[in-house]
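Residue numbers run from 1 in the order of the sequence given.
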Amino acid sequence: MKKFRHAFVNLPQLTEEYIDGRRHYKTPEGNVYPSVTTILSRLPNESLREWQKRVDEEEANRVSKVAARRGTNLHEICERYLLNEERPMRGHMPDVQGMFAELSKYIDRIDEIYAIEAQLYCDTYQFAGRCDVIGTFDGHPAIMDFKTTKSEVDSSMDKVKKYFMQLSAYSLAFEERTGQEINLGVLLFASNETEPSCIQADLTKYKMEFISVLDPGEM
């Protein structure tokens with residue numbers, strides 16, 4: 001089992017709050033900012049709408065709940081693994097263990113780790129969020145996120161674009177908090193139905209796209 005190098009940076013703790021059912025974070029200075037996912041939820045998702053049309057509401061809810069459970073459990077295993085715990089898969093069901101085992105070939109390309117489950121906020125653009133991993137991937141500083149896929153909805157181009165906008169927001173916040181600019185975004189996709197995948201992108205253009213969807217009242 002790989003042992004990861006830890007070079008954790010000091011990041012402030014945020015308090016999670018819900019306002020009108022939407023996730024927000026309270027900063028140490030007392031500012032309350034919407035989460036990155038709350039902001040991006042405003043964007044249309046045609047692939048999701050088309051999928052929802054093909055299945056009934058009960059099936060859509062069932063699939064979503066299963067996917068959420070798998071996603072939460074996979075994230076827990078990945079976090080344990082990155083923290084160099086000896087038995088990261090303990091207590092989890094075989095389907096999730098199998099997804100992690102397949103995904104680990106990409107996770108092992110992570111070298112040094114700056115932050116895990118990093119709480120970040122940006123005063124300039126007034127948003128906050130939580131990033132899975134920040135560190136080096138194939139030797140290059142990167143913002144990384146683990147994603148689980150259950151259907152073509154999750155890997156559609158509009159969804160992937162939204163994911164990279166999410167990573168670009170974390171990049172902006174990390175730079176504001178630490179002074180370090182990171183422009184490589186890495187998405188690690190796991191599935192119990194298809195092969196895992198790794199998609200990389202330069203986050204530079206996605207930063208401007210993310211900023212463009214911010215509500216002027218939030219800035």
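Note on Tyr125: it does not cluster hydrophobically with Ile19, by side-chain heavy-atom contacts below 4.5 Å among ILVMFWY residues. In the hydrophobic cluster analysis, where Ile, Leu, Val, Met, Phe, Trp and Tyr join through side-chain heavy atoms closer than 4.5 angstrom, Phe8 is grouped apart from Ile134. No chain of hydrophobic side-chain contacts below 4.5 Å, direct or via other Ile, Leu, Val, Met, Phe, Trp or Tyr residues, connects Val133 to Met165. In the hydrophobic clustering of ILVMFWY residues, with side-chain heavy atoms under 4.5 Å counting as a link, Leu187 and Phe210 come out together. Under the 4.5 Å side-chain heavy-atom criterion for grouping Ile, Leu, Val, Met, Phe, Trp and Tyr, Leu83 is connected to Tyr81 within one hydrophobic cluster.
Contacts of Asp145 classified as salt bridge (Lys or Arg N to Asp or Glu O under 4.0 Å), with partners at least two apart in sequence or in another chain: Lys147. For Gln13, the side-chain contact (heavy atoms from CB on, under 4.5 Å) partners are Gln119, not counting sequence neighbours. By the salt bridge (Lys or Arg N to Asp or Glu O under 4.0 Å) test, Glu76 is found to be paired with Arg80, residues two or more places apart in sequence or in another chain being considered. Not counting sequence neighbours, the partners of Arg90 by the side-chain hydrogen bond (donor to acceptor under 3.5 Å, both in side chains) test are Glu85. Taking the ring-ring contact (aromatic ring centres under 6.0 Å, His included) definition, one finds that Phe137 meets it with nothing, sequence neighbours left out. Listed by chain and number, the residues in a side-chain contact (heavy atoms from CB on, under 4.5 Å) with Thr194 are Thr149, Ser191 (sequence neighbours excluded). Scored by the side-chain contact (heavy atoms from CB on, under 4.5 Å) test, Met208 finds Ile211 as partners (sequence neighbours excluded). In this structure Asp202 satisfies the salt bridge (Lys or Arg N to Asp or Glu O under 4.0 Å) test with no other residue, sequence neighbours excluded. The ring-ring contact (aromatic ring centres under 6.0 Å, His included) check on Tyr121 picks up nothing, with sequence neighbours excluded.
Rounded to the nearest 0.5 angstrom, Ile143 CD1 and Leu203 CG are separated by 7.0 Å. To the nearest 0.5 Å, atom CD1 of residue Ile110 and atom CD of residue Glu112 are 12.0 Å apart. The CG atom of Asn73 sits 10.5 Å away from the CD atom of Gln97 when rounded to the nearest 0.5 Å. For the atom pair CG (Leu188) and CD1 (Ile199), the distance works out to 9.5 Å, reported to the nearest 0.5 Å. Between Leu184 atom CG and Leu167 atom CG the span is 9.5 Å, to the nearest 0.5 Å. Summarising the geometry, atom OH belonging to Tyr206 is positioned 9.0 Å from atom OG belonging to Ser168; distances are rounded to the nearest 0.5 Å.
No side-chain heavy atom of Arg42 sits under 4.5 Å from any side-chain heavy atom of Val213. Contact of the Lys207 side chain with the Ser171 side chain is registered, since non-hydrogen atoms from C-beta on lie closer than 4.5 Å. Under the 4.5 Å side-chain criterion, counting only non-hydrogen atoms from C-beta, Phe164 is not in contact with Glu209. For the pair Cys198 and Phe189, the minimum side-chain heavy-atom distance is 4.5 Å or more. Under the 4.5 Å side-chain criterion, counting only non-hydrogen atoms from C-beta, Tyr163 is not in contact with Leu40. Residues Glu181 and Asn183 meet the side-chain proximity criterion, which asks for heavy atoms closer than 4.5 Å. With contacts defined as side-chain heavy-atom distances shorter than 4.5 Å, the pair Leu214/Ile39 qualifies. Looking at Arg130 and Tyr25, their side chains come closer than 4.5 Å, going by heavy atoms from C-beta outward.
Pairs passing the side chain to side chain donor-acceptor pair (under 3.5 Å) check and including a residue from residues 135-144, sequence neighbours excluded, read Arg109-Asp138. Sequence neighbours left out, the pairs with a member in residues 22-31 that pass salt bridge (Lys or Arg N to Asp or Glu O under 4.0 Å) are Glu16-Arg23.
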Can you give each donor-acceptor pair under 3.5 Å made by side-chain atoms of residues 99-107, sequence neighbours left out, with the distance rounded to 0.1 Å?
residue, atom, partner, partner atom, Å
Ser104, OG, Ala101, O, 2.8

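Closest approach of Leu120 to Leu14, counting heavy atoms only: O-CD1, 3.6 Å. Shortest non-hydrogen contact noted between Ala118 and Leu11 is CB-CD1, 3.8 Å. Shown here for Val186 and Ala142, the closest heavy-atom pair between the two residues is CG2-CB, 4.0 Å. The shortest non-hydrogen separation linking Pro141 to Ile182 is O-CG2, 3.4 Å.
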Verdict with reasoning, Gln166 to Thr37, per side chain to side chain donor-acceptor pair (under 3.5 Å): CA-CA 7 Å; Gln166 180 182 5; Thr37 52; over 6 Å; no
Test log, rule side-chain contact (heavy atoms from CB on, under 4.5 Å), inputs Phe4 and Asp111: CA-CA 6 Å; Phe4 298 91; Asp111 304 302; over 6 Å; no
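In summary, of the residues considered (Asp123, Thr27, Thr38), a side-chain hydrogen bond (donor to acceptor under 3.5 Å, both in side chains) with Tyr33 occurs for Asp123 alone. Partner of Asn84 under the side-chain contact (heavy atoms from CB on, under 4.5 Å) criterion, out of His6, Arg5, Lys2: His6 alone.
Remark: the backbone N or O of Met144 is not paired with any side-chain donor or acceptor of Asp132 at under 3.5 angstrom.
Between His75 and Phe146, the two ring planes are perpendicular [angle over 60°; tilted spans 30° to 60°].
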